[in-house]
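For ligands, and for the atoms within them, numbers begin at 1 and follow the listed sequence.
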Amino acid sequence: MKIVNSIQELKQILAGEKRENKRIGLVPTMGALHAGHLSLVKRCVAENDVCVVSVFVNPTQFNDKHDLETYPRTLEKDCALLETAGCHIVFAPTVEEMYPQPDTRTFDFGTVSNVMEGARRPGHFNGVAQIVSKLFYAVEPDNAYFGEKDFQQIAVIRALVKQLQLPVHIHACPILREADGLALSSRNTRLTPALRQKAPLIARTLKESITFAAGKSVQETIDYVVNTLNSDPDLRVEYYEIVDGNTLESIREWSDTDYAVGCITVYCGEVRLIDNIKY
Ligand code: AMP
């Protein structure tokens with residue numbers, strides 16, 4: 001496994017691979033890797049000749065400076081995990097390497113980037129689009145892998161690829177969960193033991209809401225999820241929306257779509273957790 005810090009070196013290595021018609025796969029990450037990330041890496045390794053994993057805490061997608069400063073950085077440990085997962089190239093650039101000058105591009109993807117996370121984290125998806133487009137230009141992958149935990153992010157990436165006409169296939173990978181249902185996340189390490197006990201209620205309630213939804217309206221199902229979670233003093237729902245999984249438009253009736261997805265953000269103490277479920 002090679003660890004590369006510069007775009008120039010990365011391009012040089014990949015040019016050799018491309019000359020031999022090798023399929024290149026990319027998994028973009030911000031590091032602090034866990035089994036959820038590694039499930040994407042394993043799929044990338046299985047479906048490509050060369051697996052590139054980027055590890056870069058992207059400043060432009062953080063709308064909260066404190067969140068950026070405290071984001072866990074564990075490159076050495078990440079590299080050890082990536083090596084065992086079969087990764088071929090770790091791309092770990094500095095901020096100066098990715099942003100030699102400020103990125104002034106503003107993207108407009110309409111609804112997919114304006115609702116839910118887009119409405120609550122101004123600039124977040126613009127920053128995601130900036131860094132992912134730069135990574136796509138640097139790697140020119142055939143395939144790129146993203147986790148469904150960040151459900152809205154995948155819709156934004158698909159819109160980005162369409163808008164920039166990039167020849168990359170986007171693959172959505174299922175959410176990896178702890179045994180108690182909690183979606184794996186780098187932020188879970190910030191939960192105190194007491195809050196860690198509470199956090200699985202999010203996934204459990206979403207799962208139970210599938211049974212609840214039979215014979216109930218969309219609004220009643222939303223109310224059920226929000227009220228159940230908010231009745232715990234340690235949990236505070238920021239939003240729960242049931243949307244069409246492609247357009248991310250909120251649905252009013254179950255018959256509005258055959259691909260309904262419930263997307264939630266909950267504060268567990270001070271830790272902001274996201275999850276989603278398909279109905
Ligand atoms: P991040 O480092 O948080 O930007 O995540 C990098 C990639 O890993 C994103 O595509 C995430 O959606 C994905 N990911 C994070 N957690 C999980 C999980 N529990 N299951 C599957 N994919 C995940």
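Under the 3.5 Å distance criterion, the side-chain polar atoms of N230 are matched with a main-chain donor or acceptor of V237. In this structure, the side chain of K149 does not engage the main chain of G36 through any donor-acceptor pair within 3.5 Å.
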Go through Y279 and S209 one step at a time and tell me if the side chain to side chain donor-acceptor pair (under 3.5 Å) criterion holds.
CA-CA 9 Å; Y279 284 95; S209 78; 2.7 Å; yes

Determine whether L229 and I264 satisfy the following criterion, side-chain contact (heavy atoms from CB on, under 4.5 Å), listing intermediate values before the conclusion.
CA-CA 11 Å; L229 292 173; I264 198 160; 3.5 Å; yes

Let me see the working for I24 and D49 under side-chain contact (heavy atoms from CB on, under 4.5 Å), right down to the final yes or no.
CA-CA 6 Å; I24 314 290; D49 302 303; over 6 Å; no

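Heavy-atom separations between H34 and ligand 1 include at least one value shorter than 4.0 Å. For the pair A35 and ligand 1, no heavy-atom separation below 4.0 Å is found.
Atom 20 (N) of ligand 1 has its closest protein heavy atom at L176 N, 2.8 Å.
A donor-acceptor pair shorter than 3.5 Å can be found between the side chains of R105 and S133. Side-chain N/O atoms of Y99 and N58 include a donor and acceptor closer than 3.5 Å.
Contacts with ligand 1 closer than 4.0 Å are made by no heavy atom of E148, backbone or side chain. With a 4.0 Å heavy-atom cut-off, ligand 1 is reached by the backbone of P174 but not by any atom from C-beta on. Proximity of L33 to ligand 1, defined as any heavy-atom pair under 4.0 Å, is not found for any part of the residue.
Between F212 and Y224, the ring planes lie parallel to each other; the angle is under 30°, not in the 30° to 60° tilted range. In this structure, F109 and F107 have parallel ring planes: the angle between them is below the 30° cut-off, well short of the 60° mark.
When only interatomic distances are considered, the shortest N/O to N/O separation between C173 and ligand 1 does not fall below 3.5 Å. Polar contact check, G147 against ligand 1: a nitrogen or oxygen pair lies under 3.5 Å apart. The shortest N or O to N or O distance between H37 and ligand 1 is under 3.5 Å. Polar contact check, D150 against ligand 1: a nitrogen or oxygen pair lies under 3.5 Å apart. For L40, no nitrogen or oxygen atom sits less than 3.5 Å from a nitrogen or oxygen atom of ligand 1, counting backbone and side chain alike.
Heavy-atom proximity to P28, at under 4.0 Å, picks out these atoms of ligand 1: 6 (C), 7 (C). Each of the atoms 20 (N), 21 (C) of ligand 1 lies under 4.0 Å from some heavy atom of I175. Taking every heavy atom of F146 and a limit of under 4.0 angstrom, the matching atoms of ligand 1 come to 10 (O). Per-residue contacts place L184 under 4.0 angstrom from the following atoms of ligand 1 (heavy atoms of the residue considered): 16 (N), 17 (C), 18 (C), 19 (N). Close approach of ligand 1 to G36 (heavy-atom distance below 4.0 Å) involves ligand atoms 18 (C), 20 (N), 21 (C), 22 (N). Using a 4.0 Å cut-off to heavy atoms of T29, the atoms of ligand 1 that qualify are 2 (O), 6 (C).
Scanning all heavy atoms of the two residues, the minimum distance from D108 to Q163 falls at O-NE2, 3.2 Å.
Comparing heavy-atom distances from atom 2 (O) of ligand 1 across E178, M30, Q153, R187 singles out M30 as nearest.
Note that R43 lies outside the cation-pi zone of Y145, set by a 6.0 Å cut-off to the ring centre and a 45° limit from the axis.
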